[in-house]
Amino acid sequence: AAHVPEMTYRQLSCDDLETQQAAQVAVDYINSHLLHGYKHTLNQIDQVKVWPRRPFGEVFELEIDTLETTCHVLDPTPVANCTVRQLAEHAVEGDCDVRLLRQDGQFSVTFAKCDSSPDSAEDVRKVCPDCPLLAPLNDSRVVHAVEAALAAFNAQNNGSYFQLVEISRAQLVPLPVSTRVEFAVAATDCVAIQVTDAAKCNMLPEKQYGFCKATVTENLGQEEVAVTCTVFQRQPVVPQPQPDGLVSIASTSAPVDPPASASPPASPPAAPMVVGPMV
Amino acid sequence: PVAKPGMVAAAVLPSCPGRIRYFKV
C-alpha cells in the first residue's frame with residue numbers, strides 16, 4: 001500500500017493577518033445570524049488551526065472570544081460603529097467555535113457555535129460597587145416596566161402601533177428604586193391612537209423595527225416612565241436565506257418568549273439607516 | 001541560554017491566544 005502521509009494542521013499566530021481576516025468573517029457571520037439580543041464584536045482569538053482540504057482549499061478552525069455591543073441585532077448600524085458594552089454596565093462575553101473554508105482567497109463559514117455569558121457579579125463590583133447587575137428578563141418588575149414603557153411610547157406616537165418583539169436587557173436599580181429596560185419593537189398595521197385590541201394588530205410585511213430604552217421609577221407610590229425609542233428604516237421583504245452552517249447562541253440570562261415572532265434581519269444594509277429617536 | 005552542540009534549537013511557536021482588543025471578561 002502506498003504510504004499516505006498523516007494529515008496535519010498548519011499553525012498560525014492568533015494575531016496573524018490571515019487569522020484575523022478569518023475571525024472577522026466569522027464575527028460578521030455570527031452577527032448576521034443572531035436572532036436575539038445584541039451584536040458582538042471580536043475581542044480575542046484564542047486558538048487557530050489550519051487544515052488542508054482536498055481537493056483544494058483550507059479549513060480554518062477558530063476559537064474566538066467576543067464582547068456584546070450596545071447595538072441590537074435588529075439595528076442596521078455596522079458592528080464596527082457599535083460601542084462595546086462596558087464592564088460597569090455588566091458586560092457579556094461570547095465564546096465561539098467556528099470553522100471556515102478558504103477557497104480562492106475567499107472565506108465561507110461552514111460551522112459556528114457560540115455560548116454567551118454575563119460577567120460575574122464579583123467582576124462588576126470590582127469596577128463599580130454600586131452598579132446594578134443584569135436582571136432576569138422574565139422578572140415581573142422587568143416585564144411590567146417594558147409594558148409601561150411601550151404603552152407610554154405608543155400613547156405619544158401618531159403613527160403605527162408598535163408591538164413588543166423582545167426584551168433584550170434589564171437591570172433593577174436600588175436607589176432610586178427603578179427598573180432599566182431595553183427592548184425591541186416592531187410596527188404593526190394598526191394606528192397607535194386608534195388601537196383598542198392590540199392582539200388584532202399584525203406586523204407589517206415590510207418589517208419596521210425599533211429599539212427602546214426605558215427607566216421606570218417608583219416615586220411616592222407613583223410610577224414615572226422615561227422611554228426613548230429609535231425606529232429603524234423598513235426592511236424590504238426578502239426570502240429568508242437557508243442556513244449554510246449552524247449557529248447556536250445560548251445565553252445564560254433568563255430567556256423570554258417574544259410575544260411576536262421576530263424574523264432575523266434581512267440582508268444587513270451597508271450603511272446605517274436609523275430614523276429617530278422618536279420619543 | 002546556550003545550545004549544546006548537536007541540539008536542535010526550539011522553533012518559535014506561534015503565539016496564541018492573541019491580543020485582547022477591549023478587556024477580558
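Since we're looking at a predicted model, the values are computed, not measured.
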Could you go through residues 46-53 of chain A and list every donor-acceptor pair under 3.5 Å that involves a side-chain atom there, pairing it with any protein atom two or more places apart or in another chain?
residue, atom, partner, partner atom, Å
A/W51, NE1, A/E61, OE2, 3.3
A/R53, NH1, A/F56, O, 3.4

For a quick test of your reading: what N or O donor-acceptor pairs under 3.5 Å do the side chains of residues 93-105 of chain A make, sequence neighbours left out?
residue, atom, partner, partner atom, Å
A/R102, NH1, A/E18, OE2, 3.0
A/R102, NH2, A/E18, OE2, 2.6
A/R102, NH2, A/E58, OE1, 2.8

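Only the side chain of A/L67 comes within contact range of chain B, with at least one heavy atom under 4.5 Å from a heavy atom of that chain. For A/T41, the part lying under 4.5 angstrom from a heavy atom of chain B is the side chain only. Residue A/L87 touches chain B through both its backbone and its side chain, counting heavy-atom pairs closer than 4.5 Å. If you measure heavy-atom distances from A/D16 to chain B, you find no contacts under 4.5 Å at all. There is no contact between A/E63 and chain B, counting heavy-atom distances below 4.5 Å.
Counting heavy atoms from C-beta on, the side chains of A/V73 and A/H36 never come closer than 4.5 Å. Counting heavy atoms from C-beta on, the side chains of A/C114 and A/I30 come closer than 4.5 Å. The shortest side-chain heavy-atom distance between A/R141 and A/L172 falls under the 4.5 Å cut-off.
Using a distance-only test at 3.5 Å, with no hydrogens or angles considered, no donor-acceptor pair links the side chain of A/Q44 to the main chain of A/L42.
Each of A/T70, A/L134, A/V142 was evaluated against A/R169; a single residue qualifies, A/L134, per the side-chain contact (heavy atoms from CB on, under 4.5 Å) test.
Residue-level contacts of residues 122-132 of chain A with chain B do not occur; threshold 4.5 Å between heavy atoms.
Here the straight-line distance linking atom CD of A/Q24 with atom CD1 of A/I64 works out to 8.5 Å at 0.5 Å rounding.
Contacts with chain B were tallied for A/I45, A/D119, A/N43; A/N43 has the most, counting heavy-atom pairs under 4.5 Å.
In this view, A/S168 and A/Y38, A/H72, A/E166, A/E182, A/F211 satisfy the side-chain contact (heavy atoms from CB on, under 4.5 Å) rule, not counting sequence neighbours.
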